[in-house]
Amino acid sequence: MLNLFLLTVAGLVAQVLAAPNERRQIVNNTIITDINTISQYWGQISPYTDNADSYFGVQDVGLPNGCQIEQVHSLQRHAQRFPTSEYDDGVNDENFAAKVFNFTSTHSTSLFTGPLTFLNTYRYQMGESLLTNIGAATEFQAGTTFWNRYGRTLYNASAGQVVYNGSYANGTARPKPVLRTTSQSRIENSEISWALGFFGPSFYPTPMPNLTNFANGSLFDVVIIPEGGTENNTLASYDSCFEDDLQSADLGDQDLIHQYVPLYIGAATQRMQQYAPAGFTFTVNDTYAMQSICAYETAYIGMSDFCGLFTEAEWQGFEQTLDIEYYYDYSFGSPTGRAQGLGYQQELLARLTNQYITSSNSSVNSSITNNAAQFPLGRPFYADFTHDDIIVSTLTSMSVDYFREHPSLTQYPPDPNRHFILSHLTPFGSRLITEVIGCNSANPAAIHNKRTEYYPTQYGYNPANATNKFIRMRLNNGIVPLNTIRTGECLGRTDGLCSLPNFLKSQYEAEQLANYQFACFANYTIVNPYNGNDYDGTISNTTGGITVHPGQITAQYLESL
């Protein structure tokens, strides 16, 4: 008998022809099993893939003649991990797995059938929150990629040089790079694996099996910023933004679990039910967990029997839930979206202007940013290891309005060409790169096509006359459209470059919008929190739909909860 799991002709694909950077819209009732297609739709738990240089709409992607990248700032996310302890993430997954196990353990003759036969003997094997071995490999690759794309030209590598060299050509030691990480296990382990890729002890011409140079700390220094309490930490800024712990961090989660999951996954839930034994009832949360487990098991062991159970449209719906979660938890849809990105934004501006930060009005820990040992200035590159939400909040705080387009709470299948798609913004191992570019002209001609920079002076760059400085940013290789920064200082170019003075001006204006003290510490209640409101990433006592109460939210209050 024809497998009922594969629904028929009524479900032909409706495809919208798209430009190279666009996706097709799927209205499709056919199950897909191609993991390369499926894994595109896993939002922030997708495997890392470079965006095309022009993915975000910047069409002239080459580096202009007479220009070269002189400094690079990398905000690097950890890579593949186990599910977290959030109720709509790991807890929901674990609850479904326990439900299946409890049923099969007590109903030996009541069996799942068809494509769900594997559930009869299924056991949930995952841990919680920690980096996986596949995640370590992703970070190692990120480190090697950073060397290839930036380290070679920043350090004027010699022919055949595949690894950072801690010495100048005359044999004297370079100042050691400083890598920063939070104290959370998956962030620290991501930094370790990235460092193995960039500093390359496994690439040395003379092998060093005991990793002596790597293990004794002679190549680089590490600053570990505590995470998990109420301390200031720009790489985990929710710790010190107390209001985020009360309301803001849950807006998107509630939207996804109560609004969008029931909207898109009902047909899949009914489909699963026909293969369930009597007495076992699938809920929409169960079916959603099956999609989530597929993604996480692939991030752990590289495969999962849950992956071949859904249509492409249902996978697009799954991704939309995650877009909703992050937009309303950490981006323009969150009252604390800007506040959570403000700290890293301020640190970036300080480094760009060679200034220490000696006092803090945000998540900056000024005991770390006020000294050369932990916050060195004028270095060729900076690498900070963080979480996906910090990248999202940084773009929000910077007022890059390209990403302000909110995901719909009601459209299914979702618009494939929307701007806020997490698999392109913050997949596992994502990175937000800020390039400082020196040019010999104040208005260099844009270059349409990408070209490889084999050595620093290849296209007419001379550091002696490259006095005009520009900023270009990349998100997972895609050039960020800085011309969409709200205040307009970066308008006028087609290649994503913004002059350093104009960029700084735009950011000094943007950082004022966070309203950090009120957003993070005022005692307010959101009257209708799950209405898909765009707060522009901030809130004040004049914002509609809130009730402001006397007093402030304190660390002691949080600890008492």
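Small disclaimer: the values here were computed from a predicted structure and weren't measured.
Classification of the Phe203-Phe140 ring pair by plane angle, with boundaries at 30° and 60°, yields perpendicular.
Residue pairs satisfying the side-chain hydrogen bond (donor to acceptor under 3.5 Å, both in side chains) criterion with at least one member in residues 96-119, sequence neighbours excluded, are listed as follows: Lys99-Asp286. Within the structure, the disulfide bond (SG atoms under 2.5 Å apart) test picks out no pair touching residues 86-138 (sequence neighbours left out). Applying the disulfide bond (SG atoms under 2.5 Å apart) test to pairs two or more places apart or on separate chains, those with a residue in residues 243-313 are Cys294-Cys307. Listed by first then second residue, pairs satisfying side-chain hydrogen bond (donor to acceptor under 3.5 Å, both in side chains) with a partner in residues 386-401 read Arg77-Asp388, Glu227-His387, Tyr238-His387, Tyr326-Asp388, Ser331-Thr396, Arg338-Ser399, Gln345-Ser397, Asp401-Arg486, not counting sequence neighbours.
At most 12 non-hydrogen atoms from other residues, nucleotides or ligands lie less than 6.0 angstrom from NE2 of His406.
Closest approach of Pro407 to Tyr327, counting heavy atoms only: CD-CG, 3.4 Å. Annotation for Phe310 and Arg271: closest pair CA-NH2, 3.7 Å, computed over non-hydrogen atoms. In terms of heavy atoms, Arg474 sits closest to Val61 at NH2-O, 4.3 Å. Here the closest non-hydrogen pair linking Phe56 and Leu475 is CE1-O, 3.7 Å. In terms of heavy-atom proximity, Val58 sits nearest to Gly496 at CG1-N, 3.6 Å. When all heavy atoms of Asp93 and Pro83 are compared, the pair lying nearest together is OD2-CG, 4.0 Å.
By the 4.5 Å heavy-atom criterion applied to side chains, Phe280 and Val100 are counted as neighbours.
At least one donor-acceptor pair closer than 3.5 Å links the side chain of Gln273 to the backbone N or O of Phe282. Formation of a donor-acceptor pair under 3.5 Å by the Ser334 side chain with backbone atoms of Asp329 is found in this model. Ser237 places no side-chain N or O within 3.5 Å of a backbone atom of Thr234 that could act as its donor or acceptor partner. Between the side chain of Ser363 and the backbone N or O of Ser240 there is no donor-acceptor pair closer than 3.5 Å. The closest donor-acceptor contact from the side chain of Gln259 to the backbone of Tyr530 lies under 3.5 Å. In this structure, Thr311 contributes its side chain and Glu314 its backbone to a donor-acceptor pair below 3.5 Å. Under a 3.5 Å cut-off, the side chain of Gln80 and the backbone N or O of Ala136 do not form any donor-acceptor pair. When atom types are taken as modelled, the side chain of Asn92 and the backbone of Asn285 share a donor-acceptor pair closer than 3.5 angstrom. Looking only at distances, no side-chain donor or acceptor of Asn476 sits under 3.5 Å from a matching main-chain atom of Asn51.
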Item to check | Chi angles and distances behind the side-chain contact (heavy atoms from CB on, under 4.5 Å) call for Tyr296, Arg81 | outcome: CA-CA 8 Å; Tyr296 281 122; Arg81 57 159 169 78; 3.0 Å; yes

Next on the checklist: I'd like to know whether Leu395 forms a side-chain contact (heavy atoms from CB on, under 4.5 Å) with Phe332, so could you lay out the CA-CA distance, the side-chain angles of the two residues, the decisive distance to 0.1 Å, and finally the verdict.
Outcome noted: CA-CA 10 Å; Leu395 291 166; Phe332 293 103; over 6 Å; no

Next on the checklist: For a side-chain contact (heavy atoms from CB on, under 4.5 Å) check, start with the C-alpha distance between Gln254 and Tyr328, then their side-chain angles and the critical distance, and finish with the verdict.
Outcome noted: CA-CA 10 Å; Gln254 292 288 332; Tyr328 292 105; over 6 Å; no

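Close placement of the Phe118 and Phe306 rings is indicated, their centers lying within 6.0 Å of each other. Between His424 and Tyr55, the distance from one ring center to the other falls under 6.0 angstrom. Ring to ring, Tyr122 and Phe101 are not that close: their centroids are 6.0 angstrom or more apart. Taking the six-membered ring for Trp and the full ring otherwise, the centers of Tyr260 and Tyr264 sit less than 6.0 Å from each other.
Distance check, rounded to the nearest 0.5 Å: CZ of Phe420 to OH of Tyr402 gives 12.0 Å.
The pair Glu319-Arg418 counts as a salt bridge, with a side-chain nitrogen and a carboxylate oxygen less than 4.0 angstrom apart.
Leu432 pairs in a side chain to side chain contact (heavy atoms under 4.5 Å, CB included) with only one of the listed residues (Val392, Leu348, Leu75), which is Leu75. Screening Leu251, Asp89, Asp253 for a side chain to side chain contact (heavy atoms under 4.5 Å, CB included) involving Glu325 leaves a single residue, Asp253. None of Phe381, Phe214, Tyr164 except one satisfies the ring pair (Phe, Tyr, Trp, His ring centres under 6.0 Å) rule with Phe220; the exception is Phe214.
For the salt bridge (charged side-chain N to carboxylate O under 4.0 Å, His left out) test, residues two or more places apart in sequence or in another chain that qualify with Arg180 are Glu347, Asp384. Remark: Arg404 pairs with Asp534 by the side chain to side chain donor-acceptor pair (under 3.5 Å) rule, at least two apart or across chains.
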